[in-house]
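In what follows, a structure is listed as structure tokens, so that the remarks can point back to it.
Note that the structure is a prediction, hence the values are computed from the model and not measured.
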Amino acid sequence: MALIPRTIAMLCFLPLVVLAADEPANQDMANQAQTQPEPASQTPETAPMKPRDNSRALEHVAASELQKIQVDGEEQAVLIRPWSGPKQLGAALLLPPPGTHADAPGLNAFLRRNINPAGWASLSITPPPFPEQPNFTTEAQEISKAGDGKMPGKRNQATSRREAEEWQKLRKQQQSFIQQSLAQLDTLGAPFPGKRLLIAQDQSAALVIELLAAQKLAKPDLLVVINPYLDDPDANLALPKQLAGLELAVLDIQSPDGHQASQATVKSRKSLAMSQPDNQYRQQLLALDLRQDVAFENTLMMIEGMARKVLKQLAANEKTATEANQ
């Protein structure tokens with residue numbers, strides 16, 4: 001009977017001996033796994049922006065309004081509504097925010113249907129795609145390194161999602177999309193001779209400002225920018241100076257619910273543009289958010305009012321030029 005407790009004790013001690021014997025081997029394997037370099041993961045390059053399939057979003061649009069153009073080898077929609085009423089002043093080219101479509105709900109859909117009685121045909125184009133959110137990765141060899149205790153940027157500023165070069169590359173892609181689209185509107189807009197209004201919202205407005213500043217876009221008779229901004233902080237701060245340098249009539253509209261980046265430049269946009277003649281630049285501040293019908297109507301009234309002023313000035317200039325040539 002005395003052998004039983006001794007046997008039990010030996011059986012209990014045996015697994016501990018086995019574990020102790022295996023421990024060095026397991027530790028060596030762990031150390032080897034730590035020292036063996038893993039293949040470094042590459043941060044993906046800027047992916048090409050893929051246009052959205054907006055066919056379902058435009059199912060409600062009358063077939064008589066829908067036209068197609070080719071941009072970067074893809075078909076894109078242009079929605080055309082003729083002028084109505086006795087006035088035939090020209091065409092309003094509408095450019096909604098990136099990532100939406102030619103009949104983007106809200107202000108764009110309202111303007112393209114309600115500017116026609118004022119004597120303007122409406123040509124609403126598909127905006128450029130919105131860039132996908134960046135997928136941040138950490139290189140494998142950087143994981144085990146100690147941090148330097150430094151935070152990029154200022155404490156009160158959000159961390160930039162992209163490097164400056166990547167922002168520039170994305171903007172060039174979007175600007176190329178806009179250039180190709182607007183270049184094809186000369187043919188589609190031929191049935192509506194007269195003056196040209198270019199109405200752009202949000203980031204599309206900022207992209208148009210950059211293109212006009214670089215003289216890469218034909219000048220409209222009136223440029224209307226609504227809540228213009230860019231995600232790139234440095235490029236966004238440069239917008240007011242670029243806008244002030246445009247030698248054309250500009251209506252700058254800001255709403256209370258505009259992106260914070262557009263709010264950040266609203267004062268400087270006006271102050272820098274004050275060097276332009278009064279008939280060349282006007283800033284209007286909406287009292288209501290651009291989610292309300294009243295704000296839509298007020299925006300349309302602002303555009304019609306500025307257009308009348310520009311047309312009057314253009315007519316006076318043309319008369320003066322004609323008399324000078326006689």
Please tell me if the side chains of Thr126 and Ser181 come closer than 4.5 Å, counting only heavy atoms from C-beta onward. no
Would you give the length of the straight line joining atom CD of Gln280 to atom CG of Leu222, rounded to the nearest 0.5 angstrom? 10.0 Å
Out of curiosity, Leu300 CG to Leu107 CG, how far, rounded to the nearest 0.5 Å? 9.0 Å
For the pair Gln203 (side chain) and Pro97 (backbone), establish whether a donor and an acceptor sit closer than 3.5 Å, ignoring hydrogens and angles. no
What closest approach, in Å, do Ser122 and Ile115 show between heavy atoms, and which atom pair accounts for it? CB-CG2, 4.0 Å
Evaluate the side-chain contact (heavy atoms from CB on, under 4.5 Å) criterion for residues Leu95 and Ile125: first the C-alpha distance (whole Å), next the side-chain angles of each, then the deciding distance (0.1 Å), finally the verdict. CA-CA 6 Å; Leu95 183 55; Ile125 67 176; 3.5 Å; yes
For Leu111 and Leu94 the tightest heavy-atom approach is C-CD1, 4.3 Å
Whether Ser268 side chain and Thr265 backbone form a donor-acceptor pair below 3.5 Å: yes
If I compare all heavy atoms of Phe177 with all of Pro127, which pair ends up nearest, and what's the gap? CE2-O, 3.4 Å
Determine whether a donor-acceptor pair (N or O, by modelled atom type, separation under 3.5 Å) exists between the side chain of Thr299 and the backbone of Ala295. yes
Is Leu311 linked to Ile303 within one hydrophobic cluster, defined over Ile, Leu, Val, Met, Phe, Trp and Tyr using a side-chain heavy-atom separation of less than 4.5 Å? yes
Between Arg113 and Asp103, is there a side-chain N and carboxylate O pair less than 4.0 Å apart? yes
Decide yes or no for Gln76 and Lys68: does some side-chain heavy atom of the first lie under 4.5 Å from some side-chain heavy atom of the second? no
Distance col, row Arg291:CZ vs Asp289:CG, nearest 0.5 angstrom, shows 4.5 Å
Gln263 side chain vs Ser255 backbone, donor-acceptor pair below 3.5 Å: yes
Without swapping roles, check the side chain of Asp257 against the backbone of Leu290 for a donor-acceptor pair under 3.5 Å. yes
Under the 3.5 angstrom rule, does the side chain of Ser262 hit a backbone N or O of Tyr229 as a donor-acceptor pair? no
At their closest point, which heavy atom of Ser204 faces which heavy atom of Pro98, and how far apart are they? OG-CD, 3.1 Å
To the nearest 0.5 Å, what is the distance between CG on Leu185 and CZ on Phe192? 11.5 Å
Are Lys87 and Glu304 close enough for a salt bridge, meaning some N to O gap below 4.0 Å? no
Distance check, rounded to the nearest 0.5 Å: Asp232 atom CG versus Glu166 atom CD? 10.5 Å
Full working for side-chain contact (heavy atoms from CB on, under 4.5 Å) between Val224 and Met302: CA-CA 10 Å; Val224 181; Met302 293 174 181; over 6 Å; no
Between Gln201 (side chain only) and Asn227 (backbone N and O only), is there a donor and an acceptor less than 3.5 Å apart? no
Is the backbone N or O of Lys216 less than 3.5 Å from a side-chain atom of Gln179, with the two atoms forming a donor-acceptor pair by type? yes
Could you state whether Leu188 and Val71 fall into the same hydrophobic cluster, counting links through intermediate Ile, Leu, Val, Met, Phe, Trp or Tyr residues with side-chain heavy atoms under 4.5 angstrom apart? yes
In this structure, CZ of Arg112 is separated from CG of Leu123 (nearest 0.5 Å) by 10.0 Å
Let me know which of Arg269, Gln283, Gln284 forms a side chain to side chain donor-acceptor pair (under 3.5 Å) with Gln254. Arg269
Surrounding NZ of Lys267 (heavy atoms of other residues, nucleotides or ligands, distance under 6.0 Å), is the total greater than 12? no
Shortest non-hydrogen contact from Ala307 toward Trp120: CB-CZ2, 4.0 Å
Member of Leu251, Ile199, Leu198, Leu217 meeting the side chain to side chain contact (heavy atoms under 4.5 Å, CB included) criterion with Leu223: Leu198
Under a 4.5 Å side-chain heavy-atom rule over Ile, Leu, Val, Met, Phe, Trp and Tyr, are Leu272 and Leu243 clustered together? no
For the residue pair Leu239 and Ala206, what are the closest heavy atoms and their distance? CD1-CB, 3.6 Å
side-chain hydrogen bond (donor to acceptor under 3.5 Å, both in side chains) between Asn108 and Thr100, intermediate numbers included: CA-CA 10 Å; Asn108 186 80; Thr100 61; over 6 Å; no
Between Lys195 and Val310, does the side-chain contact (heavy atoms from CB on, under 4.5 Å) criterion hold? Intermediate values first, please. CA-CA 10 Å; Lys195 306 304 179 184; Val310 169; over 6 Å; no
Evaluate the criterion side-chain contact (heavy atoms from CB on, under 4.5 Å) for residue pair His259 and Asp202; output intermediate values, then yes/no. CA-CA 8 Å; His259 192 280; Asp202 298 347; over 6 Å; no
Leu211 backbone acceptor or donor facing Gln175 side chain under 3.5 Å: no
Using the side chain to side chain contact (heavy atoms under 4.5 Å, CB included) definition, which of the options Ile226, Leu285, Asn298 pairs with Ile253? Ile226
Hey, are Asp252 and Lys270 close enough for a salt bridge, meaning a charged N less than 4.0 Å from a carboxylate O? no
Tell me whether Ser124 contacts the main-chain N or O of Leu79 through its side chain, where contact means a donor paired with an acceptor under 3.5 Å. no
